[in-house]
Amino acid sequence: MRRVLIYDTMSREARVFAPIAPPRVGLYVCGLTPYAPAHVGHGRTFVVFDVVVRALRRWGYRVFYVQNVTNLDDKLIARAAEEDDDPLQLAERNFTAFRRSMTELGVTSVDYYPFATDYVPEILLQVRALVDRGYAYVADDGSVYFEVAKFPAYGRLSGQKLSQLQPGARVEVDARKRAPEDFVIWKAAVPGEPSWESPWGPGRPGWHIEDTAMTGRLLGARYDLHGAGADLIFPHHESEIALSESATGEAPMVNYWIHVAFVIFQGEKMSKSIGNVLDLQAAIDGVGPGALRFYYLNAHYRSPLDLLPDRSLAEAKEAYDRLAQPAHRIEQILARDGAERSGDPIPSEFAAASDELIDRLDDAMADDFNSREAITLLFGWTRRLGELLEGLDHLSGEGLTALAEPYRWAQEVLGLFGERAPADARDLERVVPVLLAARARARARGDYAEADRIREELGTAGIRLEDGTAGTRWSYAEPH
RNA sequence: GCCGAGGUGGCAGAAUGGUUAAUGCGACGGACUGCAGAUCCGUUUCCUGGGGGUUCGAUUCCCUCCCUCGGCUCCA
């Protein structure tokens, strides 16, 4: 099996990936708290992990990918109260919209999206275990807190020293705690809010324990990969480690921690609470899912990505369209005539180069998922195909398939170039050539007004024409 | 204050102890075109935050300073 390097936040170095029970791999990614629609920053994280999983699966790993949904928390309750809505239903609605965006973006790798509130029994078992083992204490109001002082390794993932933290730096200190670093794992019920019965009275789960209860159930006490945006390293992931390892007595909970850097927008992290957000679905609608994926993957996932308004996404679209053009054109011919179509063979050096390129693409991705390097290689292929482009229609199916291989690799691993022609494509493909012939006759007799009229009318139907030396080519203006 | 990640051309953004520091966008020039677009060819010499150190050689390794972003119990 291919040697894969993965940068691990805990050890702060790229390590050779060695799953606990190969070829099986367990991956848990902290998903959305759907109190508001997802933004472009969220999209980055989930596209990155989609690519991680696609790559691992290509290399033979059987990945079980769980992405949780925090469908009940303070923000959801607050937002629902503002809108006179039910928090669980609000979460459900935003999550449904999020799933639709993910599907459009080609994020197909997630096996299971567990909802936190479906795991209350597991959560209560874990709270009970922590109380019984002396790691947690019950406050007067029935809330249960994890006592961080009982877990000396707390702070290892983030490098934080408890003595140096500034309690209350951003969030008010809770008077019910024994120490400021303690965190709530079971919140006593507030009238009017959703709650569940427990040995400590009615209440609802704290944030961190939702994840450890779910991972314990779905992935076991120890598993391979845990990912999320980098903002969750502290305190969330630190606390997950403390909870899981204290409750189960097994360590380490996770072998590789993968954290994705932020999208920077207007000089700061794009964030719902800051308010500098670009709606994810709006971005997909604006430039298309392929261009947005390209934008994300055009930087290494551990580098901050500077999103310039009105510029970065348009730039990504330009670049992506150029990169994708030979891919779409080849696939269009193959879809029309089939892979068995007869024609000229491709120059021999291209077939060998195609195989070699795919090897290099896999190498790039196996080096801590260097998608930027992979894209650079793909641009080299697109550039190289430039000389064959005009004569593409004369090539054999076998030759075209060889040329398409690197793009198919990109479709499989990066999720690019997967745009589908519109549903009415078959009808268009019968009609358009007739109109093109009419336009060619008009041009031949110098009737450019008629020629332009046909071009414009096809344009309104979403068909783009390009006159070249080998005749007029047409394509869908906005592939989706 | 403490912890973490960074500072590379007009912009985005890779990589590397060693010939011209990728790739893309943009810009400029040219070919092609009825026009447009697309494509192709060429150009874009001056880019690795400051200062030390190690080295034959540093953008890369070490020290230090400055700056930016993030985290310090809301967050992808």
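Below, chains carry the letters A, B, ... as their sequence lines are ordered, and counting in each starts from 1.
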Heavy-atom side-chain contact between A:S371 and A:Y301 under 4.5 Å: no
Sugar-phosphate only, base, or nothing, as touched by A:S303 at under 4.0 Å among non-hydrogen atoms: sugar-phosphate
Aromatic ring pairing A:F95/A:F98, orientation class (parallel under 30°, perpendicular over 60°, tilted between): tilted
Other residues, nucleotides, ligands: >12 heavy atoms within 6.0 Å of A:D140 CG: no
Sugar-phosphate, base or nothing in reach of A:V29, heavy atoms under 4.0 Å: nothing
Heavy-atom side-chain contact between A:S303 and A:R372 under 4.5 Å: no
Closest-nucleotide 5' rank along RNA chain B - winner of A:L389 and A:D306: A:D306
Donor-acceptor pair under 3.5 Å, A:R302 side chain vs B:A5 base: no
Within residues 237-247 of chain A, residues whose heavy atoms come under 4.0 Å of RNA chain B: none
Heavy-atom check, side chain of A:P87 versus side chain of A:Y35, under 4.5 Å: no
Nearest heavy atoms of A:G41 and A:M270, plus distance in Å: N-SD, 3.4 Å
Sugar-phosphate only, base, or nothing, as touched by A:H259 at under 4.0 Å among non-hydrogen atoms: nothing
Name the pairs: protein N/O against N/O of nucleotides 22-24 of chain B, kept only if under 3.5 Å.
{"from": "B:U23", "atom 1": "O2'", "to": "A:R372", "atom 2": "NH2", "distance (Å)": "3.2"}
{"from": "B:U23", "atom 1": "O2", "to": "A:R372", "atom 2": "NH1", "distance (Å)": "2.7"}
{"from": "B:U23", "atom 1": "O2", "to": "A:R372", "atom 2": "NH2", "distance (Å)": "3.3"}
{"from": "B:G24", "atom 1": "OP1", "to": "A:R383", "atom 2": "NE", "distance (Å)": "3.3"}
{"from": "B:G24", "atom 1": "N2", "to": "A:E315", "atom 2": "OE2", "distance (Å)": "3.2"}

Lys NZ or Arg CZ of A:R176 over A:Y145 ring: under 6.0 Å, within 45°: no
N/O donor-acceptor pair, side chain A:K161 with base B:C2, under 3.5 angstrom: no
A:K269 (side chain) and B:C75 (base): donor-acceptor pair under 3.5 Å: yes
Centroid separation A:Y223 to A:F64 less than 6.0 Å: no
Cationic N near anionic O, under 4.0 Å, A:D393 to A:R336: yes
A:R455 (side chain) and B:C35 (base): donor-acceptor pair under 3.5 Å: yes
Whole-Å distance separating the CG atom of A:L76 from the C1' atom of B:C75: 13 Å
Touch class at under 4.0 angstrom, heavy-atom based, for A:D74 against every strand present: nothing
Check: A:S109 and A:F49 side chains under 4.5 Å, non-hydrogen atoms: no
Length of the line joining A:L307:CG and B:A76:C1', which is rounded to integer Å: 15 Å
Toward the 5' end of RNA chain B, by each residue's nearest nucleotide, A:D367 or A:G229: A:D367
Any A:T33 side-chain N or O less than 4.0 Å from OP1/OP2 of B:A76: yes
Touch class at under 4.0 angstrom, heavy-atom based, for A:L308 against every strand present: sugar-phosphate
Contact check, side chains of A:L243 and A:F151, non-hydrogen atoms, under 4.5 Å: no
Sugar-phosphate, base or nothing in reach of A:I233, heavy atoms under 4.0 Å: nothing
N or O in side chain of A:W207 less than 4.0 angstrom from B:C75 OP1/OP2: yes
Base B:C74 paired with A:D73 side chain (donor-acceptor, <3.5 Å): no
Any donor-acceptor pair under 3.5 Å from A:Q266 side chain to A:N276 backbone: no
Backbone of A:A282 reached by a side-chain donor or acceptor of A:D279 within 3.5 Å: yes
5'-to-3' dot-bracket of RNA chain B (Watson-Crick, G-U; under 3.5 angstrom; crossing pairs as [ ]; | other strand): (((((((..(((.....[....)))((((((.......))))))....(((((..]....))))))))))))....
Under 3.5 Å donor-acceptor pair, A:S158 side-chain atoms to B:C3 base atoms: no
